[in-house]
Amino acid sequence: MEFKQEAETGLFKQIGNIDTTLKIKDVASKCKLAKTENGVKLECNYTGPNASKYLQYIEKHREELTQYLLNPDTADLYEWMENSHQTALTLKKHEKEKLILYVNYDPETKIMETGIADEYVTMKLGAPLMSIDVGASDRNAFKLAVYDMLLLADEIAIQMGNDDLRKMANIEMVKTYLSEIYDKYSSNEFND
């Protein structure tokens with residue numbers, strides 16, 4: 001959030017985007033697509049609390065909402081873009097960068113996060129791709145989280161047009177490395 005100070009009163013007034021509470025998933029759940037002669041049209045008849053905020057969000061993000069509803073499998077991508085404050089245009093700026101997937105594991109909390117970093121392991125693009133409690137997850141939940149993370153990384157790489165990141169998202173080594181962490185640190189009774 002941004003603020004500016006008013007000269008007369010000295011008070012701070014909020015400027016810029018004040019609507020940070022709505023998420024694309026919440027808004028999409030109140031919308032539907034209707035077929036028209038020209039394709040599809042996004043409709044929303046929501047009249048509940050904060051209806052004006054929903055309408056403002058729809059006006060600003062009509063295209064993303066339409067894509068989200070047309071292809072529910074890309075929901076993770078749109079949610080990640082929203083959490084990372086990225087758009088299709090800002091992602092395109094990373095097309096030529098050498099980007100990698102990185103893993104951060106905290107042995108005390110047993111939380112593992114993966115994200116996108118540059119070759120110097122400086123985190124890029126904000127929100128993590130995956131955040132999971134290794135100690136509280138069974139192997140199937142962990143494998144599904146890794147699979148979803150690799151799909152998300154691949155979708156991000158496609159949006160960017162970044163071939164290096166796309167190759168990294170398909171590397172068997174990433175899955176093997178994450179599985180080794182799971183085997184070593186999970187509280188699964190067979191691994192204690």
Side-chain angles (χ1 to χ4, degrees), residues 1 17 20-29 61 64-65 67-68 70-192:
M1 284 188 262
N17 185 9
T20 57
T21 57
L22 291 179
K23 298 288 182 195
I24 193 166
K25 185 192 311 185
D26 302 329
V27 178
S29 70
H61 304 282
E64 292 95 335
L65 281 163
Q67 290 304 316
Y68 184 99
L70 281 172
N71 188 359
D73 292 337
T74 61
D76 289 343
L77 173 65
Y78 287 105
E79 287 176 21
W80 178 87
M81 286 172 65
E82 194 169 61
N83 291 334
S84 299
H85 306 291
Q86 297 294 322
T87 65
L89 291 175
T90 59
L91 283 177
K92 264 306 200 196
K93 293 178 183 177
H94 300 282
E95 181 178 7
K96 300 292 183 206
E97 289 184 50
K98 183 153 181 65
L99 298 173
I100 61 169
L101 296 179
Y102 80 95
V103 178
N104 182 25
Y105 179 74
D106 184 341
E108 290 188 18
T109 63
K110 294 195 174 191
I111 300 291
M112 178 192 298
E113 289 188 334
T114 61
I116 298 173
D118 62 17
E119 55 194 323
Y120 306 108
V121 196
T122 302
M123 188 165 124
K124 295 276 189 175
L125 308 176
L129 301 173
M130 175 181 83
S131 182
I132 190 166
D133 184 341
V134 174
S137 301
D138 66 17
R139 180 167 283 287
N140 284 338
F142 181 77
K143 283 169 39 180
L144 182 59
V146 170
Y147 179 74
D148 287 345
M149 180 271 299
L150 291 172
L151 284 176
L152 176 58
D154 190 56
E155 289 172 3
I156 293 167
I158 290 169
Q159 286 277 326
M160 285 180 184
N162 189 312
D163 291 333
D164 288 335
L165 183 60
R166 186 125 198 250
K167 288 175 194 166
M168 186 76 182
N170 292 314
I171 290 179
E172 193 66 34
M173 180 183 75
V174 173
K175 292 184 265 187
T176 303
Y177 177 63
L178 294 174
S179 294
E180 286 174 4
I181 292 174
Y182 178 84
D183 290 340
K184 185 173 182 181
Y185 295 107
S186 77
S187 56
N188 186 319
E189 64 208 45
F190 301 113
N191 295 324
D192 286 341

Report the C-alpha distance between Ile24 and His61 in whole Å, list the side-chain angles of each, state the deciding distance to 0.1 Å, and finish with yes or no for side-chain contact (heavy atoms from CB on, under 4.5 Å). CA-CA 9 Å; Ile24 193 166; His61 304 282; 5.8 Å; no
CD1 of Ile132 to CD1 of Ile111: how many Å apart, nearest 0.5 Å? 9.0 Å
Counterpart residues, salt bridge (Lys or Arg N to Asp or Glu O under 4.0 Å), relative to Glu79 (two or more places apart): Lys25
Across all chains, not counting sequence neighbours, the side-chain hydrogen bond (donor to acceptor under 3.5 Å, both in side chains) partners of Ser131 are Glu113
Closest approach of Ala141 to Asp138 (non-hydrogen atoms, all atoms of both residues): N-OD1, 2.7 Å
Tell me every residue that passes ring-ring contact (aromatic ring centres under 6.0 Å, His included) with Tyr105, counting only those two or more places apart in sequence or in another chain. Tyr185
Could you tell me which residues satisfy side chain to side chain contact (heavy atoms under 4.5 Å, CB included) with Asp163, sequence neighbours excluded, listed by chain and number? none
I need the Ile100 CD1 to Lys167 NZ distance, nearest 0.5 Å. 15.0 Å
Salt bridge (charged side-chain N to carboxylate O under 4.0 Å, His left out): pairs with one or both residues in residues 82-106, sequence neighbours excluded: Glu97-Lys124
Do you know which of Asn104, Val146, Leu129 makes side-chain contact (heavy atoms from CB on, under 4.5 Å) with Thr114? Leu129
What residues form a side chain to side chain contact (heavy atoms under 4.5 Å, CB included) with Thr90, not counting sequence neighbours? Gln86, Thr87
Restricting to pairs with a member in residues 135-156, which pass ring pair (Phe, Tyr, Trp, His ring centres under 6.0 Å), not counting sequence neighbours? Phe142-Tyr182
Sequence neighbours left out, cut at 3.5 Å: what donor-acceptor pairs do the side chains of residues 148-161 make with other protein atoms?
residue, atom, partner, partner atom, Å
Asp154, OD1, Arg166, NE, 2.6

ring-ring contact (aromatic ring centres under 6.0 Å, His included) with His94: which residues, sequence neighbours excluded? none
For Asn83, enumerate each residue passing the side chain to side chain contact (heavy atoms under 4.5 Å, CB included) test, keeping only those at least two apart in sequence or located in another chain. Lys23, Ala127
Side chains of Leu101 and Leu165: closer than 4.5 Å at any heavy-atom pair? yes
